[in-house]
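What you see below is based on every heavy atom in this structure, not just the backbone, and it leaves out hydrogens, waters and symmetry mates. By convention in this document, chain letters (A, B, ...) are assigned in the order of the sequence lines, proteins followed by strands, and residues within each chain are numbered from 1. No experiment lies behind these values; they were computed from the predicted model shown.
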Number of protein chains: 2
Amino acid sequence: MNSRRASPPAPGKQPVPVASPWRASRERLRDRAVKREAVIRAAAREFNRKGYHNTSLDDIAARLEVTKPTVYYYVTSKEQLLFQCFVAGVEQIRAAFRDVRHLEVPARERLNAVLRHYGEAVASEFGWCMVRAEDQDLSPAMSRHIKALKSEIDHGIRRLIREGVQDGSIEPCDPKMTAFALAGALNWIAHWYREDQSLTGAQIAEAFVTIFEGGLRPRGSASRLSARERIRRRARSALAR
Amino acid sequence: MNSRRASPPAPGKQPVPVASPWRASRERLRDRAVKREAVIRAAAREFNRKGYHNTSLDDIAARLEVTKPTVYYYVTSKEQLLFQCFVAGVEQIRAAFRDVRHLEVPARERLNAVLRHYGEAVASEFGWCMVRAEDQDLSPAMSRHIKALKSEIDHGIRRLIREGVQDGSIEPCDPKMTAFALAGALNWIAHWYREDQSLTGAQIAEAFVTIFEGGLRPRGSASRLSARERIRRRARSALAR
DNA sequence: TAGGATAGCTACCCATCAGTATGGTCGAGG
DNA sequence: CCTCGACCATACTGATGGGTAGCTATCCTA
């Protein structure tokens, strides 16, 4: 049964061409980081499937085909595990902000780009931890840390909205409420995505951006399209019934 | 006078916002239904404050100034308690659908009315239970029940969207994705409302409806400001640096 | 080949908490 | 005054699960 973990992680048996004495220990250090990441990833998957409180460390260990103390060898506590998952998810979104910061396009397009990355992140395997993790489950210190990260993202969105209103690419609106609405819609993806994976995270985000941009109320030229609309409507209702 | 527990828990403590029916028991006000509802309401409050798993039945009992067996006298299990809280929240939304069903206005306005009630419900004391309760915490039977109720609401929104597209009051769109976006934005209120109660649930819902209706892209002839945009953007990036 | 660091396991501890057994109090009806 | 039943408390059980102690095996460096 227990084949002594030689095959799963990395067969470091190859004769190394240059026998630098530090080579091996460096290799091992890298190995350790890889394993630690695997632990965090496995935790994220289990949390995603069953929720934080319904997942025991034995579950996570079993999923990795090791035992609980082994998990504790890479992580100090269950709480820290959740925290790491959270940070991993948030980092994707922070990267999105960094990516668009220097783009030479109107703010609305920068916002859209962020929202697309945002949606992808929420639909990723760390999405659940980032979105559904409750700070009540964490120590005050970690809770503060997480709140700060969330707030940073929130204010990043508000800022893009304000800039969009200023440069005329976004309809004047309340940045705070609008940011809440956008982030909420995207965050919520984490709640239903598991059960309906017919679309990728990017596709969902794209659809949402389209909805956010256009709004529900028909655009000015809508009256001109009424004939075509009616045709499509017929086809639709025929399909729906 | 019950000399046993009258003195320890500070007898003259009135400032509790929710009057506990056990206080009134001295006045012979014995109404089982009222007490049961008080139990559920207290549970909702505690779940809202600390989360389901971080709330023990002792906590809930203490909040009512009784003991755990008393709670079990009115409720069969913690799980059922969560379920009842959930149903109480969902019922508010179902009522919203019933209210608008017979209104003689375009579907978009009926949808808006539902969304307003929806937002209020999510910001109410049962909002957390309705939104953040994970079906992983419930037995399969109750989980199915809850999924059915959620699905009913989801399809109710989709239906209003379809009707709006048909009667021309809503821009043609994908009903499923749009429903997800709307419900997500509103559901998310439950995550941040506790910490920012500067607005009522109704006001938030109203703001969201405005955002959903108009969309981010400016209405009318606002798209040929690109020259001015560029200037403004330069100024901004200069400030940002 | 010794000795230390790395890495993982078995077996255990113990705090928490859902749920219960049992028995006491009090008002009402006889 | 006595009993019945509704209501509630004390004090317990049992299981789950986070976290640890301590042993073992392997590899690296000397």
Worksheet item: His53(B) and Asp137(A): side-chain donor and acceptor closer than 3.5 Å?
Response: no
Rounded to whole angstrom units, what separation is found between the [atom1] atom of [X] and the [atom2] atom of [N]?
{"X": "Leu81(A)", "N": "dG18(D)", "atom1": "CG", "atom2": "P", "result": "10 Å"}
{"X": "Gln80(A)", "N": "dG18(D)", "atom1": "CD", "atom2": "C1'", "result": "14 Å"}
{"X": "Asn54(A)", "N": "dG18(D)", "atom1": "CG", "atom2": "P", "result": "11 Å"}

Within the pair [X] and [N], is there a side-chain N or O less than 4.0 Å away from OP1 or OP2?
{"X": "Tyr73(A)", "N": "dA7(C)", "answer": "yes"}
{"X": "Tyr74(A)", "N": "dG8(C)", "answer": "yes"}
{"X": "Arg32(B)", "N": "dA6(D)", "answer": "no"}

Discussion item. Which label fits Phe180(B) and Trp192(A): parallel for a plane angle under 30°, tilted from 30 to 60°, or perpendicular past 60°?
Written reply: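 Rings of Phe180(B) and Trp192(A): parallel, under 30°.
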Worksheet entry | Salt bridge present between Glu120(A) and Arg116(A) (N-O < 4.0 angstrom) | no
Discussion item. I'd like to know if Asp135(A) and Lys150(A) make a salt bridge, using a cut-off of under 4.0 Å between side-chain N and carboxylate O.
Written reply: no
Worksheet entry | Test: Lys78(A) cationic atom under 6.0 Å from Tyr52(A) six-membered ring centre, within 45° of axis | yes
Practice prompt. Give a yes or no on this: more than 12 heavy atoms of other residues, nucleotides or ligands lie within 6.0 Å of atom CD of Glu37(A).
Written response: no
Check: protein-nucleotides 18-20 of chain C nitrogen or oxygen pairs below 3.5 Å:
unit_1: dA18(C); atom_1: OP1; unit_2: Thr55(B); atom_2: O; d: 3.4
unit_1: dA18(C); atom_1: OP1; unit_2: Lys78(B); atom_2: NZ; d: 2.8
unit_1: dA18(C); atom_1: OP2; unit_2: Leu57(B); atom_2: N; d: 2.9
unit_1: dA18(C); atom_1: N7; unit_2: Lys68(B); atom_2: NZ; d: 2.9
unit_1: dG19(C); atom_1: OP2; unit_2: Tyr72(B); atom_2: OH; d: 2.7
unit_1: dG19(C); atom_1: OP2; unit_2: Lys78(B); atom_2: N; d: 2.9
unit_1: dG19(C); atom_1: O5'; unit_2: Tyr72(B); atom_2: OH; d: 3.3
unit_1: dG19(C); atom_1: N7; unit_2: Lys68(B); atom_2: NZ; d: 2.9
unit_1: dG19(C); atom_1: O6; unit_2: Lys68(B); atom_2: NZ; d: 2.7

Discussion item. Heavy atoms from C-beta onward define the side chain here; which of dC7(D), dC9(C), dG8(C) lies closest to that of Thr67(A)?
Written reply: dC9(C)
